[in-house]
Asker: 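Attaching a single structure in structure tokens format; questions to follow.
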Amino acid sequence: MTGVSGDTDTLATLLRRVSAQDEDAFARFYDLTRARVYGMVLRVLRDPGYSEETTQEVFLQVWRTAESFDTAQGSALSWVITLAHRRAVDRVRSEQSGSDRESRYHAAAVDAPFDSVTEEVTRREDRQLVVRCLGTLTDLQRQSVELAYYRGLTYREVSEQLSATLPTVKSRIRDGLLRLRQCLGGEQR
């Protein structure tokens with residue numbers, strides 16, 4: 001396989017010609033190496049369809065990077081087989097990564113069993129606890145927190161609504177949230 005037509009037309013010589021964009025040399029190089037490249041790829045991928053695609057990618061890489069072949073580093077055949085092996089391994093990793101992504105997506109998308117009665121009871125208890133804790137705040141704290149968090153107003157809008165200064169509203173909201181946190185954290189559920 002190293003000689004094509006005598007000693008002058010070796011795979012290395014063909015690769016040098018391929019690096020100069022010689023299509024005939026590329027066709028000859030392909031004819032001489034395709035079975036070995038496909039065999040290597042098939043051994044790694046174990047799927048004929050993927051192996052054909054990957055083999056095509058390998059030869060496209062040969063066409064684009066033939067100038068990087070260095071006879072001092074090894075034979076032309078070992079160079080192209082190494083390219084094929086790397087490309088096949090990359091394909092396996094890519095497929096595995098895609099499969100892992102799909103598995104994670106499907107695992108996250110699966111709805112856990114849902115007990116609507118328990119969920120509704122918990123929601124009502126939480127609502128009652130929040131209402132009870134809101135009742136422990138001063139009027140200005142409660143009004144400020146309700147306007148900011150339940151109605152979505154900005155601090156400035158809350159201050160205009162309550163006719164209070166902005167610093168007063170900010171401190172009332174901060175103090176109110178601290179009291180709520182203490183109340184909600186102190187209650188047993």
Asker: So which heavy atom on V18 is nearest to which on A25, and how close?
Answerer: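 Closest pair (atom of V18, atom of A25, distance): CG2-C, 3.8 Å.
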
Asker: Return the CD1 to OG distance between I173 and S159, rounded to the nearest 0.5 Å.
Answerer: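 One finds 9.5 Å between CD1 of I173 and OG of S159.
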
Asker: Taking only residues two or more places apart in sequence or in another chain, which ones pass salt bridge (charged side-chain N to carboxylate O under 4.0 Å, His left out) with R101?
Answerer: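 If we apply the salt bridge (charged side-chain N to carboxylate O under 4.0 Å, His left out) test to R101, skipping adjacent residues, there are no hits.
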
Asker: Can you hop from V80 to Y38 via hydrophobic side chains spaced under 4.5 Å?
Answerer: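 No.
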
Asker: Taking atom types as modelled, find out whether S94 and S97 have a side-chain donor-acceptor pair closer than 3.5 angstrom.
Answerer: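 S97 and S94 do not have a side-chain donor-acceptor pair below 3.5 Å.
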
Asker: To the nearest 0.5 Å, how far apart are CG in L32 and CG in L14?
Answerer: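 With rounding to 0.5 Å, CG (L32) is 6.5 Å from CG (L14).
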
Asker: A side-chain contact here means heavy atoms from C-beta on lying under 4.5 Å apart; do V37 and Q56 qualify?
Answerer: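 The answer is no, as the side chains (C-beta and beyond) never meet within the 4.5 Å cut-off.
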
Asker: Salt-bridged, R123 to D126, with N to O below 4.0 Å?
Answerer: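 Salt bridge flag = no for D126 with R123.
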
Asker: Distance check, rounded to the nearest 0.5 Å: L184 atom CG versus R179 atom CZ?
Answerer: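 Going from the CG atom of L184 to the CZ atom of R179 covers 12.5 Å.
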
Asker: Only counting residues at least two apart or in another chain, list the ones meeting ring-ring contact (aromatic ring centres under 6.0 Å, His included) with F69.
Answerer: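 Here the qualifying residues are W79.
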
Asker: Looking at CG of D24 and CZ of F29, how far apart are the two atoms once the value is rounded to the nearest 0.5 Å?
Answerer: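 With rounding to 0.5 Å, CG (D24) is 15.0 Å from CZ (F29).
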
Asker: On a heavy-atom basis, which atom in L134 and which in R142 lie closest, and how many Å separate them?
Answerer: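 Closest pair (atom of L134, atom of R142, distance): O-CD, 3.7 Å.
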
Asker: Following the transitive rule for hydrophobic clusters with a side-chain heavy-atom cut-off under 4.5 Å over Ile, Leu, Val, Met, Phe, Trp and Tyr, establish whether V62 and Y30 coincide in one cluster.
Answerer: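 Yes, same cluster.
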
Asker: Can you list the residues that meet the side chain to side chain donor-acceptor pair (under 3.5 Å) rule with S163, with sequence neighbours excluded?
Answerer: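 Partners of S163 by the side chain to side chain donor-acceptor pair (under 3.5 Å) criterion come out as none, since no residue qualifies.
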
Asker: So does E95 have more than 12 non-hydrogen atoms from other groups sitting under 6.0 Å from CD?
Answerer: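 More than 12 heavy atoms, drawn from other residues, nucleotides or ligands, come within 6.0 Å of this atom.
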
Asker: Hey, any chance V58 and L42 share a hydrophobic cluster, counting ILVMFWY side chains that come within less than 4.5 Å of each other, even indirectly?
Answerer: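 No, because V58 and L42 fall into different hydrophobic clusters, even though each may have its own neighbours under 4.5 Å.
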
Asker: Would you please name every residue forming a side chain to side chain contact (heavy atoms under 4.5 Å, CB included) with T165, sequence neighbours left out?
Answerer: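 Partners of T165 by the side chain to side chain contact (heavy atoms under 4.5 Å, CB included) criterion, ordered by chain and then number, come out as P167, T168.
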
Asker: Under 3.5 Å, which donor-acceptor pairs link side chains of residues 144-156 to any protein atom two or more places apart or in another chain?
Answerer:
from, atom 1, to, atom 2, distance (Å)
S144, OG, L140, O, 2.7
T154, OG1, E157, N, 3.1
T154, OG1, E157, OE1, 3.4

Asker: List the residues meeting side chain to side chain contact (heavy atoms under 4.5 Å, CB included) with E23, not counting sequence neighbours, and say none if there are none.
Answerer: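 If we apply the side chain to side chain contact (heavy atoms under 4.5 Å, CB included) test to E23, skipping adjacent residues, the hits are W63.
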
Asker: Do Q141 and L177 come within less than 4.5 Å of each other through their side chains, counting heavy atoms only?
Answerer: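 In short, these two side chains do not touch, never coming nearer than 4.5 Å.
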
Asker: Which residues pass the side chain to side chain donor-acceptor pair (under 3.5 Å) test with R93, not counting sequence neighbours?
Answerer: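 So R93 forms no side chain to side chain donor-acceptor pair (under 3.5 Å) with any residue.
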
Asker: Who are the side chain to side chain donor-acceptor pair (under 3.5 Å) partners of T65, not counting sequence neighbours?
Answerer: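 Once residues adjacent in sequence are excluded, T65 has no partner under the side chain to side chain donor-acceptor pair (under 3.5 Å) criterion.
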
Asker: First locate atom CZ of R87, then atom CE of M40, and finally report the distance between them rounded to the nearest 0.5 Å.
Answerer: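 R87 CZ to M40 CE: 15.0 Å, rounded to 0.5 Å.
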
Asker: Got a donor-acceptor contact below 3.5 angstrom from the R17 side chain to the F26 backbone?
Answerer: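 The answer is no, because no donor-acceptor pair under 3.5 Å joins these two groups.
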
Asker: Mind listing the side-chain donor-acceptor pairs of residues 45-55 below 3.5 Å, one per line with the distance, residues two or more places apart or on another chain?
Answerer:
from, atom 1, to, atom 2, distance (Å)
D47, OD1, G49, N, 3.1
D47, OD1, Y50, N, 2.8
S51, OG, D47, O, 2.7
E53, OE1, R91, NH1, 3.4
E53, OE1, R91, NH2, 2.8
T54, OG1, Y50, O, 2.8
T54, OG1, R91, NH1, 3.4
T55, OG1, S51, O, 2.7

Asker: Do you know which two heavy atoms are closest between A12 and A76, and how far apart they sit?
Answerer: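 The pair with the smallest heavy-atom distance is N-CB, 3.7 Å.
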
Asker: Same cluster for L178 and L180 if Ile/Leu/Val/Met/Phe/Trp/Tyr side chains link at under 4.5 Å?
Answerer: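 No.
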
Asker: Quick one: which residue pairs count as a salt bridge (Lys or Arg N to Asp or Glu O under 4.0 Å) with a foot in residues 162-176, not counting sequence neighbours?
Answerer: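 Passing the test, one end in residues 162-176: no pairs.
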
Asker: How far does CZ of R28 sit from OG1 of T33, to the nearest 0.5 angstrom?
Answerer: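 If I round to the nearest 0.5 Å, the distance is 10.5 Å.
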
Asker: Under the rule for side chain to side chain contact (heavy atoms under 4.5 Å, CB included), what residues qualify as partners of D70, not counting sequence neighbours?
Answerer: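 In terms of side chain to side chain contact (heavy atoms under 4.5 Å, CB included), with neighbours along the sequence ignored, D70 is linked to A72, Q73.
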
Asker: Measuring only between side-chain heavy atoms, which start at C-beta, is L60 closer than 4.5 Å to R64?
Answerer: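 A side-chain contact under 4.5 Å exists here.
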
Asker: Residues in side chain to side chain donor-acceptor pair (under 3.5 Å) with S78, at least two apart?
Answerer: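 With sequence neighbours excluded, S78 shows a side chain to side chain donor-acceptor pair (under 3.5 Å) to S75, given in chain and number order.
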
